[in-house]
> 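To start, I am sharing the structure in question, which I have written as structure tokens.
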Amino acid sequence: NLDSTSSHHYFPNMAIDQEKDEVYVVYLDQRHSPQNLFYDIYVSSYSKQSGVKEYRITPKSIPMSGTSFFWGDYLDVDIQNRTVAVVYPVYLLGNESNLEVATFQPDQFVPETKKTECAVNAITINGSTKIFVNVQHPYSIKGKISTGYFFKHQAYKFKHRNATNDVDIDDEIASFGTSNVRKLKYKLKNLDTGETFLYKTK
């Protein structure tokens, strides 16, 4: 790949475009998450004629699941008629995951210079739940975590604002003395564009 940082790149899978003699490798990439709490899906290609190229195909970074949820290498790539198809895993928080599919044409790929939405992760660290935002633009966020064990339920609210132009940082915005998260919901606003994004676990 073309990453100059010391980030992790792992779970690779490969396909070959036999028409163009070009190799494609898909992998999980954490170059945009200094604390390794999020990842993106990248595809790198190589040919003698073109050298190495890379494609960031995720619309926003994906939260890591932590140790409480099994996370395997559900990642695959194929290419046919100059269209690359990628199947990749997405962690949805709340111990839920999904598989998603992305397709693109390398000859017509236009990289996004800035992602449209920051990613949010709620992860247990040393018995506490911490909320992180993977920053891609100035943002504001407000939300609530519901916790509970049997009949002991509590709700914690949080809000935060980051108006700087820093990107590719993991911003810790809240910490709660609980490791039993039942539900998470938040509203995140892109301060550059005014767009708002709503998220709620089941």
> From Lys142 NZ over to Lys187 NZ, what is the distance, rounded to the nearest 0.5 angstrom?
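The distance works out to 5.5 Å.
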> Look at Arg82 together with Asp17 and state whether they make a salt bridge at an N to O cut-off of under 4.0 Å.
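Salt bridge present between Arg82 and Asp17.
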> Heavy atoms only: give me the nearest Pro63-Phe38 pair and the separation to one decimal.
CA-CD2, 3.6 Å
> For residues 51-67, which residue pairs qualify under salt bridge (Lys or Arg N to Asp or Glu O under 4.0 Å), counting only residues two or more places apart or in two chains?
Arg31-Glu54, Asp40-Arg56, Lys60-Glu117
> Could you walk me through whether Leu191 and Ser140 pass side-chain contact (heavy atoms from CB on, under 4.5 Å), step by step?
CA-CA 7 Å; Leu191 298 180; Ser140 64; 4.0 Å; yes
> Which heavy atom of Ala122 sits nearest to which heavy atom of Thr129, and what is that distance?
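Where Ala122 meets Thr129 most closely, the heavy atoms are CB-CG2, 4.4 Å.
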> Please name the pair of heavy atoms, one in Ile57 and one in Ala102, separated by the smallest distance, quoted to 0.1 Å.
CD1-CB, 4.1 Å
> Determine yes or no for a side-chain-to-main-chain donor-acceptor pair under 3.5 angstrom, with His32 supplying the side chain and Gln30 the backbone.
no
> Kindly work out whether a path of hydrophobic side-chain contacts (I/L/V/M/F/W/Y, heavy atoms less than 4.5 Å apart) joins Tyr42 to Leu99.
no
> Evaluate side-chain contact (heavy atoms from CB on, under 4.5 Å) for Leu93 paired with Asn121, printing each intermediate quantity in order.
CA-CA 7 Å; Leu93 303 177; Asn121 198 357; 3.4 Å; yes
> Go through it in stages, so that I can follow the logic: the residues are Asp3 and Thr5, the test is side-chain hydrogen bond (donor to acceptor under 3.5 Å, both in side chains), and I'd like the CA-CA distance, side-chain angles, deciding distance and then a yes or no.
CA-CA 6 Å; Asp3 182 21; Thr5 74; 2.8 Å; yes
> First locate atom NZ of Lys157, then atom NZ of Lys185, and finally report the distance between them rounded to the nearest 0.5 Å.
8.5 Å
> Do Ser45 and Val23 have side chains that approach each other closer than 4.5 Å (heavy atoms only, starting at C-beta)?
no
> Give me the atom names and distance for the closest heavy-atom approach of Tyr39 to Met64.
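Looking at all heavy atoms of both residues, the closest pair is CD2-SD, 3.2 Å.
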> Among Asp168, Asp29, Asn134, whose side-chain hydrogen bond (donor to acceptor under 3.5 Å, both in side chains) with Ser61 holds?
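Filter result, single survivor: Asn134.
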> So, taking the atom named CG in Asn165 and the one named CG in Asp192, what distance separates them when rounded to the nearest 0.5 Å?
6.5 Å
> Would you say that more than 12 heavy atoms from the other residues, nucleotides or ligands in this model lie under 6.0 Å from the CD of Gln105, or not?
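Yes, enclosed.
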> Rounded to the nearest 0.5 Å, what separation is found between the CG atom of Asn190 and the SG atom of Cys118?
7.0 Å
> Tell me whether Val86 shares a hydrophobic cluster with Met14, the cluster being built from Ile, Leu, Val, Met, Phe, Trp, Tyr side chains joined at under 4.5 Å.
no
> Testing Ile79, Asn1, Val26, Val25 for side-chain contact (heavy atoms from CB on, under 4.5 Å) with Val43, which one passes?
Val26
> Using 0.5 Å steps for rounding, measure from the NZ atom of Lys183 to the OG1 atom of Thr147.
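Those atoms lie 12.5 Å apart.
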> Indicate the atoms forming the closest heavy-atom contact of Tyr88 with Pro59, along with that distance.
OH-CD, 4.2 Å
> Do Val167 and Leu37 land in one hydrophobic cluster if side-chain heavy atoms of ILVMFWY residues count as linked below 4.5 Å?
no
> Test of understanding: clusters of I, L, V, M, F, W, Y form through side-chain heavy atoms closer than 4.5 Å, transitively. Do Ile16 and Tyr46 belong to the same one?
no
> Within the structure provided, determine whether Leu28 and Ile41 are in side-chain contact (heavy-atom separation under 4.5 Å).
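Yes - at least one pair of side-chain heavy atoms lies under 4.5 Å apart.
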> Roughly how far, to the nearest 0.5 Å, is the OH atom of Tyr55 from the CZ atom of Phe104?
6.0 Å
> Are Ile125 and Tyr156 linked, directly or through other ILVMFWY residues, by side chains that come within less than 4.5 angstrom of each other?
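Looking at the clustering, Tyr156 is in a separate group from Ile125.
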> Checking Asn162 against Thr164: is there a side-chain donor and acceptor pair closer than 3.5 Å?
yes
> Are Ser175 and Ser128 side-chain neighbours, meaning at least one heavy-atom pair lies under 4.5 Å?
yes
> Indicate yes or no for a side-chain donor-acceptor contact from Thr124 to the backbone of Gly127 under 3.5 Å, with no hydrogens or angles considered.
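No, Thr124 side chain to Gly127 backbone: no donor-acceptor pair under 3.5 Å.
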> Does the side chain of Val77 come within less than 4.5 Å of Val84's, by heavy atoms?
yes
> List the residues meeting ring pair (Phe, Tyr, Trp, His ring centres under 6.0 Å) with Tyr24, not counting sequence neighbours, and say none if there are none.
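Partners of Tyr24 by the ring pair (Phe, Tyr, Trp, His ring centres under 6.0 Å) criterion come out as none, since no residue qualifies.
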> Taking side chain to side chain contact (heavy atoms under 4.5 Å, CB included) as the definition, give me every residue that meets it alongside Ile173, ordered by chain and number, with sequence neighbours left out.
Ile131, Val133, Tyr139, Ile141, Phe158, His160, Asp171
> Over all heavy atoms of both residues, which pair between Asn36 and Asp170 is shortest? Give the atoms and the distance, please.
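Where Asn36 meets Asp170 most closely, the heavy atoms are N-OD2, 4.0 Å.
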